[in-house]
Asks: 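What follows is a single structure, and I will ask about it in a moment.
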Amino acid sequence: MTDRALGVVRAGALTTVQDLGRPGHAHLGVPRSGALDGPAAALVNRLVGNAPEAAVLETTLNGCALRPRSAVTVAVGGAPCRVTVDGRPVAWGAPLRVPAGALLDVGAAVSGVRSYVAVSGGIAVEPVLGSRSTDLLSGLGPPPLTDGTVLPLGRATRLHARVDVAPQPAPPAELVLRVTPGPRDDWFTPAAVRAFTSRAYRVSPASNRIGLRTEGPALERAVTRELPSEGVVLGAVQVPPDGRPVVFLADHPTTGGYPVVAVVRAADLPAAAQAVPGTPVRFVAVRRR
């Protein structure tokens with residue numbers, strides 16, 4: 001077996017392989033998937049000298065522990081966390097050399113939700129529809145990591161970055177999401193539409209890669225009949241029967257039968273990936289472009 005591989009010693013609560021995702025297959029019912037915090041994933045890839053499309057590991061809350069079979073360059077970013085190699089503290093947010101057989105431990109997030117681990121050469125699992133991403137909704141791509149999993153690595157072809165630390169945005173203390181109203185805002189009462197963009201919500205613990213669920217004022221429907229299933233996009237704010245908005249993230253379904261009151265600007269979604277349960281959420285209406 002090749003020495004270009006990474007052994008999973010501790011998989012953590014939910015660690016998945018992610019890359020740029022598989023957009024363009026919605027007509028087949030396939031979600032786009034990909035790293036929820038795209039800028040964080042892109043940064044750690046740059047730090048280790050990977051191409052932007054290289055696959056990384058996305059951890060959730062409590063990190064993971066890995067043992068490379070050969071010496072590799074690694075960078076950890078996204079949610080700040082303690083990083084150690086064989087128990088020795090090392091830099092977060094910077095490239096570091098991990099010897100063959102050493103234990104890289106990516107600790108629990110100090111703030112935020114998802115940390116990203118890039119390894120020189122990238123995670124080289126078999127691509128599905130052009131992507132190595134794990135999709136929790138459809139089941140495409142590799143399954144979430146388990147203890148004992150061995151991940152193949154690609155060949156490192158570039159030099160890693162020469163930096164001591166790379167600045168990264170802090171996880172949000174308040175999540176501000178700019179939204180374009182519609183296409184089904186007219187299915188809600190005027191009072192509900194006003195409440196949506198003027199009242200405070202919180203991130204629900206039930207949030208996941210499929211959607212960021214909220215707690216707060218329920219939005220009252222003006223139209224109560226059933227809505228035939230229609231296409232939904234990344235960032236769509238769907239309102240299920242309980243009236244609490246759900247922001248669709250990377251693993252969202254491609255169609256839905258509940259009305260979409262608005263769509264979040266794509267630039268605001270990486271912050272949603274790092275918003276811990278209980279984080280205040282504000283929806284701010286902006287004009288259509």
Asks: Counting distance only, does the side-chain N/O of Arg221 pair as donor-acceptor with the main-chain N or O of Val223 below 3.5 Å?
Replies: yes

Asks: Going by salt bridge (Lys or Arg N to Asp or Glu O under 4.0 Å), Glu215 matches just one of Arg202, Arg244, Arg199. Which one?
Replies: Arg202

Asks: When you compare the side chains of Glu58 and Tyr116, does any donor N or O come within less than 3.5 Å of an acceptor on the partner?
Replies: yes

Asks: Do Leu36 and Val117 share a hydrophobic cluster, counting only Ile, Leu, Val, Met, Phe, Trp and Tyr and linking them when any side-chain heavy atoms are less than 4.5 Å apart?
Replies: no

Asks: Testing Asp251, Asp135, Thr134 one by one against Ser33 for a side chain to side chain donor-acceptor pair (under 3.5 Å), which residue passes?
Replies: Asp251

Asks: Cluster question for you: counting only ILVMFWY and a side-chain heavy-atom cut-off of under 4.5 Å, with indirect links fine, are Leu104 and Val44 together?
Replies: no

Asks: Does either side chain, that of Asp19 or that of Ser133, offer a donor lying less than 3.5 Å from an acceptor on the other one?
Replies: yes

Asks: From Asp268 CG over to Arg178 CZ, what is the distance, rounded to the nearest 0.5 angstrom?
Replies: 4.0 Å

Asks: Just by modelled atom types, is the Val260 backbone N or O under 3.5 Å from a matching donor or acceptor in the Gln238 side chain?
Replies: no

Asks: Spell out, as yes or no, whether a donor-acceptor pair under 3.5 Å connects the side chain of Thr15 to the backbone of Ala11.
Replies: yes

Asks: Taking the side chain as C-beta and beyond, is there a heavy-atom pair between Leu151 and Leu57 under 4.5 Å?
Replies: yes

Asks: Set out, in order, the CA-CA distance, both residues' side-chain angles and the distance that settles side-chain contact (heavy atoms from CB on, under 4.5 Å) for Gln168 and Trp92, then state yes or no.
Replies: CA-CA 11 Å; Gln168 300 183 52; Trp92 171 89; 3.7 Å; yes

Asks: Is it the case that Ser204 and Ser207 place a side-chain donor and acceptor less than 3.5 Å from each other?
Replies: no

Asks: Minimum heavy-atom separation for Ala250 and Gly34, please, with both atom names.
Replies: CB-O, 3.7 Å

Asks: Within the distance-only criterion (no hydrogens, no angle test), does the side chain of Ser131 pair as donor or acceptor with the backbone N or O of Val128 below 3.5 angstrom?
Replies: no

Asks: Just wondering, do Val90 and Thr84 contact through their side chains at under 4.5 Å, heavy atoms?
Replies: no

Asks: Hydrophobic cluster mates of Leu14, side-chain heavy atoms under 4.5 angstrom, ILVMFWY only, any path?
Replies: Leu136

Asks: If every non-hydrogen atom of Trp187 is compared with every non-hydrogen atom of Pro259, which pair is closest and at what distance?
Replies: CB-CB, 4.3 Å

Asks: Return the minimal non-hydrogen interatomic distance between Cys81 and Gly107, and the atom names on each side.
Replies: CB-O, 3.4 Å

Asks: Any heavy-atom pair between the side chains of Leu175 and Arg282 that's under 4.5 Å?
Replies: no

Asks: Going by distance alone, is a donor N or O of one side chain under 3.5 Å from an acceptor N or O of the other, for Arg97 and Thr73?
Replies: yes

Asks: Under a 4.5 Å cut-off applied to non-hydrogen side-chain atoms, are Leu212 and Val246 in contact?
Replies: no

Asks: Shortest non-hydrogen contact from Leu219 to Pro245?
Replies: CD1-CG, 4.0 Å

Asks: Between Thr149 and Leu145, is there a donor-acceptor pair closer than 3.5 Å when you use the side chain of the first and the backbone of the second?
Replies: no

Asks: Mark yes or no for whether Ser138, through its side chain, and Leu140, through its backbone, hold a donor-acceptor pair below 3.5 Å.
Replies: yes

Asks: Is there side-chain contact between Val284 and Thr197, with at least one heavy-atom pair below 4.5 Å?
Replies: no

Asks: Kindly indicate, with the supporting measurements, whether the criterion side-chain contact (heavy atoms from CB on, under 4.5 Å) is fulfilled by Thr255 and Glu230.
Replies: CA-CA 5 Å; Thr255 62; Glu230 55 188 6; over 6 Å; no

Asks: To the closest 0.5 Å, what do you measure between OG1 (Thr254) and CZ (Phe248)?
Replies: 10.0 Å

Asks: Measure the shortest side-chain to side-chain distance between Leu234 and His252 over non-hydrogen atoms and say whether it is less than 4.5 angstrom.
Replies: yes

Asks: Which atoms form the tightest heavy-atom contact between Leu47 and Ala166, and what is the distance?
Replies: CD2-CB, 4.0 Å

Asks: Which atom pair, heavy atoms only, marks the closest approach of Pro80 to Ser111?
Replies: CD-O, 3.4 Å

Asks: Other residues, nucleotides and ligands only: do more than 12 of their heavy atoms fall within 6.0 Å of CZ on Arg213?
Replies: no

Asks: Applying the 4.5 Å side-chain criterion to the ILVMFWY set and letting contacts propagate, would Val30 and Val17 be lumped into a single cluster?
Replies: no

Asks: Whether the side chain of Asn208 engages the backbone of Gly211 through a donor-acceptor N/O pair (distance < 3.5 Å, no angle test) should be reported.
Replies: yes

Asks: Any heavy-atom pair between the side chains of Val261 and Arg184 that's under 4.5 Å?
Replies: no

Asks: With rounding to the nearest 0.5 angstrom, report the CG to CG distance, Leu137 to Leu249.
Replies: 12.0 Å

Asks: Transitively linked via ILVMFWY side-chain contacts under 4.5 Å: Val193 with Tyr258?
Replies: no

Asks: Look up atom CG in Asn62 and atom CZ in Arg10, then write down how far apart they are to the nearest 0.5 Å.
Replies: 5.5 Å

Asks: Working to the nearest 0.5 angstrom, can you tell me the gap between Asp105 CG and Leu66 CG?
Replies: 8.5 Å

Asks: Enter the distance from Leu28:CG to Leu129:CG here, rounded to the nearest 0.5 Å.
Replies: 7.5 Å

Asks: Test Val150 against Val8 for side-chain contact (heavy atoms from CB on, under 4.5 Å), laying out the working first.
Replies: CA-CA 6 Å; Val150 177; Val8 179; over 6 Å; no

Asks: Looking only at atom types and distance, does a side-chain atom of Arg155 sit under 3.5 Å from a main-chain N or O of Arg4, one as donor and one as acceptor?
Replies: no

Asks: Under a single-linkage definition using a 4.5 Å side-chain heavy-atom cutoff for Ile, Leu, Val, Met, Phe, Trp and Tyr, are Leu269 and Val203 assigned to the same hydrophobic cluster?
Replies: yes

Asks: Please check: side-chain N/O of Ser70 versus main-chain N/O of Asp3, any donor-acceptor pairing under 3.5 Å?
Replies: yes

Asks: Any chance CZ of Phe188 has more than 12 other-residue heavy atoms, nucleotides or ligands included, within less than 6.0 Å?
Replies: yes

Asks: Heavy-atom distance under 4.5 Å between the side chains of Leu6 and Val119, does that happen here?
Replies: yes

Asks: Donor-acceptor check, side chain of Gln18 to backbone of Val56, threshold 3.5 angstrom: yes or no?
Replies: no

Asks: Let me see the working for Val286 and Val179 under side-chain contact (heavy atoms from CB on, under 4.5 Å), right down to the final yes or no.
Replies: CA-CA 6 Å; Val286 293; Val179 297; 6.0 Å; no

